[in-house]
Amino acid sequence: MRETAVERLTRDVSAAAGVDLLLARPAEAAHGDYATNVALQLAPVRRQAPRDIAAELARAVTTLPVVERTEVAGPGFVNLWLADSWYGDVLDEVLAAGRDYGAGCADHRERIQVELVSANPTGPIVVSHARNGAYGDSVARLLEFAGHDVDREYYYNDAGRQMERFRASVTARRRGEEPPEDGYTGSYIDELAAIEGDPVPPMLDRIGETLARFRITFDSWALQSELQQRLPELLARVETYEKDGALWARSSGFGDDEDKVLVRSPERGGLPTYRAADVVYLHDKLERGYDRAIYVLGADHQGVAKWYAAVARMLGYDPERVEVLLYQLVHLTRGGEAAKMSKRRGDVVFLDEFLDQVGVDAGRWYLVSRGPDQSIEIDVDLAAEKSQKNPVYYVQYAHARIAGIVRNAGAAQASGKPAGPLSGAEKDLVKRLAEFPAMVAEATDRRGPHALPTYAIRLADDFHRFYHDHRVIGSEEQTFRLALCRAAQNVLARSLALIGVEAPERM
RNA sequence: GCGCCUGUAGCUCAGUGGAAGAGCGGCGGCCUUCUAAGCCGUUGGUCGGGGGUUCGAAUCCCUCCAGGCGCACCA
């Protein structure tokens, strides 16, 4: 990634000051455009009063043409005010980078597989799967934007006990019999019963359609039954032992909390477990050429996070190539009452119904705007009403407003060169745009796409304020302000695209 | 009992060592001008409690309290 405007500024200020320092945007405008706390950090080392060091640094930094003035404040902060020309340069950079602005933060390009959703096809996708999808897909989008080569895969079990019950439930329905014990019911079972043949493929089709509507598409679908055929070959490669008639993996010797059963004892059916499939699957992923395999799992699977790393070690792979992303669960309430999300009882909220109520944009925004460590409660009865207050519309509205200006401006010229003294609102907007690359890089690094909605709200906020008291078209500053609009529109659209939300031209 | 996560404004949540924030809600203002789904003002806080480290802690460490999720020859 090319050096960003803030990075260059940091480098120039460091050089002038003769010390490596970091610049931060103060919360209050009165504290300058940027500020550094380096004098506070140097004070104990140099055994000097922090304010004395700060004064010295401030004098040195003032020699830079880009620095308009400085100030020593508080216990020893150095606050900087920048010349208008700096803002113009930043704006020109954003425009020149175009759609690539903020892209390519990856040190080196990796082939990455993100496995997400992976709900067994015993029923339609429900809201809790949607969080997995919204989160995992946004991480995947961030990784792609960073320059990685990303594939999305959906893994499902078409053979286990759960699936047998599912098939038996459909079969019973076809014969007009009662569903088996712990079987599945609901209108979707009736629909599947009306179709000939194995109900699994049509169920998967429906899941794929729902997820596509939620703007998640998969590059591949992996079947557990196919993988399991290669189990004998892989079993030889991991450390195992027999106990109580079952075959165990000695994963505790490789960083796991406990050993895991790979093949059940004869009296329990003697079949391989899901964990056995994990071994084959991880081997398969890494042998397919992925540098990194990312698993997106709900916090209820927290216990297996160490297992995957242990599997990698047992197979002789670097465990760094395996990454487990956990997110806390989604709890549904209905008028305050807890609604259990059990597919078998049909007491669930399907993603399709949820999207009918709140819309795709509000749904994706809502599910991705909380940090993955934060659990989510959704009151199904209030969801539609609440979605009307979703900040996504605030952000989309800013984008639509800009789109209107750009549309009206037609082919008019846009340039970062300021035509006159810049206002506070104009500077704030440029500074916000300048933050984007670092924000995206951090969100990618931390696998935290929830930074995007937060940033998008702030950017929209800065734009709405600018819009309120600055005329663009027909003003003397039209060329500069149009550039500002185009840049803001571009970054706003990118912020939304990275979380799978549309940026409308009109509202 | 053990492990992971959470506790910040009335509500929902950002903020992983630097000068406490946003949205929604409440109250009061602003539409002859590129979109009022907007803007401005105001109301609001023992950052769960207590100790520690640090010049400086919502942020790091210890401890206690409260809540969520795990701890299968289920997935």
Side-chain angles (χ1 to χ4, degrees), chain A residues 22 24 26-28 30-31 35-41 43-44 49-50 73-77 79 118-120 122 157 160-163 224 243-248 257-258 260-278 297-306 326-329 331 366 369-377 386 388-398 400-409 425 442 446 448 450-451 453-455 457-458 460-461 463-475 478 481-482 485 506-507:
Chain A
L22 290 174
E28 283 187 50
H31 295 149
T36 179
N37 60 7
V38 72
L40 291 161
Q41 291 169 328
F77 292 101
N79 298 337
S118 294
N120 278 343
T122 58
N157 183 358
R161 229 175 283 173
Q162 237 184 36
M163 295 310 297
Q224 184 178 325
K243 193 179 83 177
D244 304 329
L247 186 71
W248 295 68
D257 290 328
E258 68 213 343
K260 299 275 195 299
V261 171
L262 295 181
V263 182
R264 295 182 182 91
S265 58
E267 53 269 31
R268 309 257 188 145
L271 292 173
T273 63
Y274 191 90
R275 298 276 82 90
D278 285 340
L297 300 173
D300 52 339
H301 292 73
Q302 182 264 92
V304 298
K306 284 184 181 171
L326 295 171
Y327 58 91
Q328 295 297 317
L329 300 182
H331 302 279
Y366 189 80
S369 59
R370 276 137 188 81
D373 289 336
Q374 195 74 236
S375 65
I376 296 182
E377 263 192 28
K386 284 239 180 158
Q388 295 307 308
K389 294 165 186 165
N390 193 309
V392 74
Y393 301 117
Y394 179 81
V395 174
Q396 288 183 319
Y397 185 61
R401 272 183 150 180
I402 303 173
I405 295 172
V406 170
R407 202 162 43 235
N408 292 338
E442 192 177 348
R446 287 164 54 170
H450 64 293
T454 301
Y455 173 82
I457 288 173
R458 288 182 184 151
D461 196 45
F463 177 77
H464 282 310
R465 256 199 297 275
F466 158 80
Y467 178 91
H468 186 258
D469 43 28
H470 295 75
R471 179 79 199 176
V472 177
I473 295 172
S475 72
Q478 171 172 324
R481 290 180 182 165
L482 194 53
C485 286
R506 297 172 203 270
M507 280 176 80

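Chain A is the first sequence line, chain B the second, and so forth, proteins listed ahead of strands; every chain is numbered from 1.
- Scanning atom types as modelled, one donor and one acceptor separated by under 3.5 angstrom connect the side chain of A:Arg275 and the base of B:rA75.
- Legend: residues meeting salt bridge (charged side-chain N to carboxylate O under 4.0 Å, His left out) with A:Glu377, ordered by chain and number and at least two apart, are absent.
- Atoms CD1 and CZ, on A:Ile473 and A:Arg481 in that order, are 12.0 Å from each other to the nearest 0.5 Å.
- Under the Watson-Crick or G-U wobble criterion, with both distances below 3.5 Å, B:rC71 is paired with B:rG1.
- Judged by distance alone, with hydrogens and angles left aside, A:Asn79 brings a side-chain donor or acceptor within reach of the base of B:rA19, the pair sitting under 3.5 Å.
- In this structure, OH on A:Tyr327 lies 10.0 Å from CD1 on A:Ile376, to the nearest 0.5 angstrom.
- B:rU32 is unpaired under the Watson-Crick or G-U wobble criterion, no partner having all donor-acceptor distances under 3.5 Å.
- Judged by Watson-Crick or G-U wobble contacts below 3.5 Å, the nucleotide B:rU53 has no partner.
- Nucleotide B:rA58 forms a pair with no other nucleotide shown, judged by Watson-Crick or G-U wobble geometry with both contacts under 3.5 Å.
- Once rounded to the nearest 0.5 Å, the distance linking CD of A:Gln328 with CG of A:Leu326 reads 8.0 Å.
- Annotation: B:rA58 and B:rU16 have their P atoms spaced 13 Å apart (nearest Å).
- Using a 4.0 Å heavy-atom distance criterion, A:Gly269 is classed as making no nucleic acid contact.
- Taking atom C1' in both B:rG15 and B:rA72, one finds a spacing of 40 Å when rounded to whole Å.
- Its glycosidic angle being within 90° of 0, B:rC31 falls on the syn side.
- Here, B:rA75 and B:rC69 have their C1' atoms 15 Å apart, quoted to the whole Å.
- A:Tyr397 is linked by a side-chain hydrogen bond (donor to acceptor under 3.5 Å, both in side chains) to nothing, counting only residues two or more places apart in sequence or in another chain.
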Is there any protein nitrogen or oxygen under 3.5 Å from a nitrogen or oxygen in nucleotides 54-60 of chain B, and what are the pairs?
none

Nucleotides 2-5 of chain B: which of its N/O atoms have a protein N/O under 3.5 Å away?
{"unit_1": "B:rG3", "atom_1": "N2", "unit_2": "A:Gln302", "atom_2": "NE2", "d": "3.2"}
{"unit_1": "B:rC4", "atom_1": "O4'", "unit_2": "A:Gln302", "atom_2": "NE2", "d": "3.3"}
{"unit_1": "B:rC5", "atom_1": "O2'", "unit_2": "A:Gln328", "atom_2": "NE2", "d": "3.4"}
{"unit_1": "B:rC5", "atom_1": "O2'", "unit_2": "A:Asp373", "atom_2": "O", "d": "2.6"}

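- In terms of phosphate contacts, A:Arg370 brings no side-chain nitrogen or oxygen within less than 4.0 Å of OP1 or OP2 of B:rU12.
- The gap from the C1' atom of B:rG44 to that of B:rC24 amounts to 14 Å, rounded to the nearest Å.
- For B:rC47, there is no paired nucleotide, since no Watson-Crick or G-U wobble pair has both relevant distances below 3.5 Å.
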- Task: Scan nucleotides 33-40 of chain B nucleotide by nucleotide, 5' to 3', and note B when protein non-hydrogen atoms come under 4.0 Å of the base, S if they reach only the sugar-phosphate, - if neither.
- Result: SBBSBBSS

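- For A:Phe77, whose side chain is taken as the heavy atoms from C-beta onward, the closest listed nucleotide among B:rC69, B:rA75, B:rG18 is B:rG18.
- A:His450 places none of its side-chain heavy atoms less than 4.5 Å from the side chain of A:Gln374.
- Geometrically, A:Arg401 engages A:Tyr467 in a cation-pi contact, judged by NZ or CZ lying under 6.0 Å from the ring centre and within 45° of the ring axis.
- The aromatic ring of A:His450 does not sit over the base of B:rA14, since the test of centres under 5.5 Å and planes under 30° is not met.
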List the atom pairs, donor and acceptor, that lie under 3.5 Å between side-chain atoms in residues 266-273 of chain A and the rest of the protein, sequence neighbours left out.
{"unit_1": "A:Thr273", "atom_1": "OG1", "unit_2": "A:Val261", "atom_2": "O", "d": "2.7"}
{"unit_1": "A:Thr273", "atom_1": "OG1", "unit_2": "A:Leu262", "atom_2": "O", "d": "3.3"}
{"unit_1": "A:Thr273", "atom_1": "OG1", "unit_2": "A:Arg275", "atom_2": "N", "d": "3.3"}
{"unit_1": "A:Thr273", "atom_1": "OG1", "unit_2": "A:Ala276", "atom_2": "N", "d": "3.3"}

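- Interatomic distance, CD of A:Gln162 versus OH of A:Tyr274, reported as 9.5 Å (0.5 Å rounding).
- Out of B:rA75, B:rA19, B:rC73, the shortest distance to the side chain of A:Val261 is found at B:rC73.
- When heavy atoms are screened at a 4.0 angstrom cut-off, A:His301 is found touching base atoms of the nucleic acid.
- Atom CG of residue A:Leu482 and atom OG of residue A:Ser475 lie 9.0 Å apart, to the nearest 0.5 angstrom.
- Searching all strands for a Watson-Crick or G-U wobble partner of B:rA66 with both distances below 3.5 Å returns B:rU6.
- In this structure, the separation between CZ on A:Arg161 and CG on A:Asn120 is 13.0 Å, given to the nearest 0.5 Å.
- Applying the 3.5 Å distance criterion, the base of B:rC73 shares no donor-acceptor pair with the side chain of A:Thr273.
- In this structure B:rC27 sits in a base pair with B:rG41, meeting the Watson-Crick or G-U test at under 3.5 Å.
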